[in-house]
Participant: 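Structure below; questions to follow.
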Amino acid sequence: QTLMPKRGSVYNAEWGVQNKGVMILQRLRASNARGQMVWFDKSLKRVEKDGWIFVEAPRAYGAVRVVRGGGEWKKDSAAQRRSGKGRDDQGQWFALKDEYSPVIIEVSRKKDHAGFPAFQPAILANELSLKGKIVKYHSRFYKTTLTLPTDASAMPLIDGTPVDFKAKAVYDSPYLQGAFGKGVVTIRKGKKVLTLDFSKNSRVVLGDDI
C-alpha cells in the first residue's frame, strides 16, 4: 500500500521540536499527507521493549517511541517509492495506528554508552507524559526537556523556552557566513576573503582573488 498522494507532492506534513540528538515529531492535520510511518533499514539490529523500538547501527544507537496507539510492521516494496524502482525488502516500515500520534526519536553515539543493553534502560528511565494535548519528554543523556502541543496551538518548548523561529543566519560555518535577510555573503579561506552583496550586486575581494 502506498501513501503517496494521487497528484503532486506532500507539503507541510509534519512539525516538531528538536534539541541535540532528541526530537518529537508529529503529523499535521492541515496537509495532503496520508498516514504516518517510520522507516527502519534492514541492517539495523532491532529490539522492542515497553513501547520503544531500539536499534543498533555500526556507530550509534537509536530509540523510537510512538506516544499514542502504537503501530504495526509493514513490508517494504519498490511500489512505495515515487520512482517505483529498486529492490523490495530493504527494511521495514512501522506504520502508526494513530497517524497523528507524536513520535519521539533519540539517538546517540555508541562510544557514549556501555553497550546496547545499557542504552535501553537509560531511555526507559526518561520521563514521558501525554497530558491532554501536551506531550513532554525529558532526555537524561542530553539534559533537555522537549514539549509539543499536539494540536499545534502554541509554540513547542525547549527546556521551558518557546522555540524562536526567527532565523539569525542563512550561512554560519568556518568558510561561509551570511546573516538572514541582509543579502550579504562572506566566503573565507585563510587570508582570502570574498564578500558578495546581493542587495547591491557588488563583489569585494581581500587578499588573493578567490
Side-chain angles (χ1 to χ4, degrees), residues 3 10 13-29 33-77 80-81 89-152 154-163:
L3 297 179
V10 171
E14 299 162 332
W15 84 313
V17 58
Q18 177 181 351
N19 188 23
K20 300 176 182 177
V22 58
M23 71 181 301
I24 305 175
L25 185 70
Q26 184 195 12
R27 258 284 313 279
L28 286 171
R29 295 179 184 273
R34 295 181 296 124
Q36 179 76 313
M37 302 191 297
V38 182
W39 164 259
F40 292 83
D41 191 87
K42 68 177 182 180
S43 66
L44 299 173
K45 179 181 179 181
R46 197 172 71 212
V47 173
E48 295 181 58
K49 187 180 298 183
D50 295 342
W52 284 88
I53 303 170
F54 298 98
V55 293
E56 179 180 0
R59 292 188 294 176
Y61 299 128
V64 177
R65 171 69 185 268
V66 176
V67 176
R68 184 178 58 218
E72 56 185 349
W73 292 103
K74 299 286 187 181
K75 290 184 178 181
D76 171 47
S77 69
Q80 293 170 319
R81 303 169 202 140
D89 300 323
Q90 294 301 295
Q92 281 187 297
W93 296 95
F94 191 71
L96 277 62
K97 293 181 179 179
D98 177 356
E99 60 187 311
Y100 300 109
S101 170
V103 178
I104 295 170
I105 301 173
E106 182 165 347
V107 297
S108 53
R109 298 175 298 182
K110 273 188 171 181
K111 68 178 185 178
D112 294 326
H113 300 274
F116 193 37
F119 172 74
Q120 298 166 38
I123 293 291
L124 294 174
N126 290 336
E127 296 177 17
L128 166 62
S129 66
L130 177 61
K131 296 180 180 179
K133 297 181 179 180
I134 302 296
V135 60
K136 182 181 293 186
Y137 176 72
H138 176 74
S139 168
R140 295 186 181 184
F141 179 77
Y142 288 109
K143 297 180 176 63
T144 188
T145 299
L146 305 182
T147 305
L148 188 75
T150 61
D151 60 354
M155 295 287 191
L157 308 177
I158 298 177
D159 300 327
T161 301
V163 174

Participant: Can you tell if the side chain of Lys49 reaches within under 4.5 Å of the side chain of Leu124, non-hydrogen atoms only?
Facilitator: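 Answer yes - side chains close enough.
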Participant: Hey, could you give me the NE2/OG distance between His138 and Ser129, rounded to the nearest 0.5 Å?
Facilitator: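 Going from NE2 on His138 over to OG on Ser129, the span is 12.0 Å.
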Participant: Side chains of Met23 and Ile104: does their closest heavy-atom pair fall under 4.5 Å?
Facilitator: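 Met23 vs Ile104: side chains apart.
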Participant: Taking Gln26 for the side chain and Tyr100 for the main chain, is one N or O donor matched with an acceptor at less than 3.5 Å?
Facilitator: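 Such a contact is found between Gln26 side chain and Tyr100 backbone.
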Participant: Is the shortest side-chain heavy-atom distance between Val22 and Leu146 below 4.5 Å?
Facilitator: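 They are in contact (side-chain heavy atoms under 4.5 Å apart), so the answer is yes.
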Participant: Check step by step if side chain to side chain contact (heavy atoms under 4.5 Å, CB included) holds for Ile134 and Thr147.
Facilitator: CA-CA 7 Å; Ile134 302 296; Thr147 305; 3.5 Å; yes
Participant: What are the two closest non-hydrogen atoms of Pro102 and Ile24, and how far apart are they?
Facilitator: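 Between these two residues, the closest heavy atoms are CB-CG2, 4.0 Å.
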Participant: What's the verdict on ring-ring contact (aromatic ring centres under 6.0 Å, His included) for Phe40 and Trp73, showing C-alpha distance, side-chain angles and the deciding distance?
Facilitator: CA-CA 10 Å; Phe40 292 83; Trp73 292 103; 5.2 Å; yes
Participant: When rounded to the nearest 0.5 angstrom, what distance separates OG1 in Thr150 from NZ in Lys133?
Facilitator: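 Here the interatomic distance stands at 7.0 Å.
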Participant: Looking only at heavy atoms, what is the nearest atom pair of Ile158 and Gln18, with distance?
Facilitator: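 Heavy atoms only, the tightest pair is CD1-O, 3.5 Å.
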Participant: Can you find a side-chain donor-acceptor pair between Asp159 and Thr161 that sits under 3.5 Å?
Facilitator: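 Absent: no donor and acceptor within the cut-off.
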Participant: Can you name the closest pair of heavy atoms from Gly91 and Asp76 and give their distance?
Facilitator: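 Of all heavy-atom pairs spanning Gly91 and Asp76, the closest is O-CB, 3.3 Å.
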Participant: Search all heavy atoms of Ala95 against all heavy atoms of Lys74 and return the closest pair with its distance.
Facilitator: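 Nearest heavy atoms, Ala95 then Lys74: CB-CG, 3.8 Å.
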Participant: If you count the non-hydrogen atoms of other residues, nucleotides and ligands that lie under 6.0 Å from CD in Glu127, is the total more than 12?
Facilitator: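 Incorrect, the count does not exceed 12.
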Participant: Which pair of heavy atoms, one from His113 and one from Ser108, lies closest together, and at what distance?
Facilitator: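 Scanning both residues completely, I find the closest heavy atoms to be NE2-OG, 2.6 Å.
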Participant: Looking only at the side chains, is there a donor atom on one of Gln36 and Glu14 sitting less than 3.5 Å from an acceptor on the other?
Facilitator: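 Side chains of Gln36 and Glu14: pair found under 3.5 Å.
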Participant: Please tell me whether Phe94 and Trp39 form a close aromatic pair, meaning their ring centres lie under 6.0 Å apart.
Facilitator: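 Between Trp39 and Phe94, which both carry aromatic rings, the centre distance is not below 6.0 Å.
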Participant: With side chain to side chain donor-acceptor pair (under 3.5 Å) as the test, pick out the partner of Asn126 among Trp52, Tyr142, Tyr137.
Facilitator: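 The passing option is Tyr137.
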Participant: Are Thr144 and Asn19 linked by a side-chain donor-acceptor pair shorter than 3.5 Å?
Facilitator: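 Asn19 and Thr144 do have a side-chain donor-acceptor pair below 3.5 Å.
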Participant: Under 4.5 Å between any side-chain heavy atoms of Val67 and Val103, yes or no?
Facilitator: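 No - every pair of side-chain heavy atoms lies 4.5 Å or more apart.
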Participant: Looking at side-chain heavy atoms only, is the closest gap between Lys110 and Glu56 below 4.5 Å?
Facilitator: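 They are in contact (side-chain heavy atoms under 4.5 Å apart), so the answer is yes.
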Participant: Do the ring centers of Phe116 and Tyr61 come within less than 6.0 Å of each other?
Facilitator: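 Between Phe116 and Tyr61, the centre distance is under 6.0 Å.
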Participant: Are Lys42 and Gln92 close enough that a side-chain donor and a side-chain acceptor fall under 3.5 Å?
Facilitator: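 Their side chains do not contain a donor-acceptor pair, so the 3.5 Å distance test is not met.
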Participant: What's the verdict on side chain to side chain contact (heavy atoms under 4.5 Å, CB included) for Val66 and Ile53, showing C-alpha distance, side-chain angles and the deciding distance?
Facilitator: CA-CA 9 Å; Val66 176; Ile53 303 170; 5.9 Å; no
Participant: Under 4.5 Å between any side-chain heavy atoms of Val38 and Trp93, yes or no?
Facilitator: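 Val38 does not reach Trp93 side chain to side chain.
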Participant: For a quick test of reading the model, state the closest non-hydrogen atom pair linking Gly16 to Pro156 and the distance between them.
Facilitator: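 Between these two residues, the closest heavy atoms are O-CG, 4.3 Å.
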Participant: Can you name the salt bridge (Lys or Arg N to Asp or Glu O under 4.0 Å) partners of Arg27, sequence neighbours left out?
Facilitator: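 Arg27: salt bridge (Lys or Arg N to Asp or Glu O under 4.0 Å) contacts with Glu99.
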Participant: If you count heavy atoms of other groups shown closer than 6.0 angstrom to CZ of Arg109, is the number above 12?
Facilitator: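 Incorrect, the count does not exceed 12.
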Participant: I want to check something: taking the side chain as every heavy atom from C-beta on, are Pro149 and Trp15 in contact at a cut-off of under 4.5 Å?
Facilitator: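 Yes; the side chains approach each other to less than 4.5 Å.
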Participant: From Leu96 CG over to Met37 CE, what is the distance, rounded to the nearest 0.5 angstrom?
Facilitator: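 One finds 10.0 Å between CG of Leu96 and CE of Met37.
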Participant: As an exercise, state the distance from CG of Leu128 to CD1 of Ile123, rounded to the nearest 0.5 Å.
Facilitator: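 Answer rounded to 0.5 Å: 11.0 Å.
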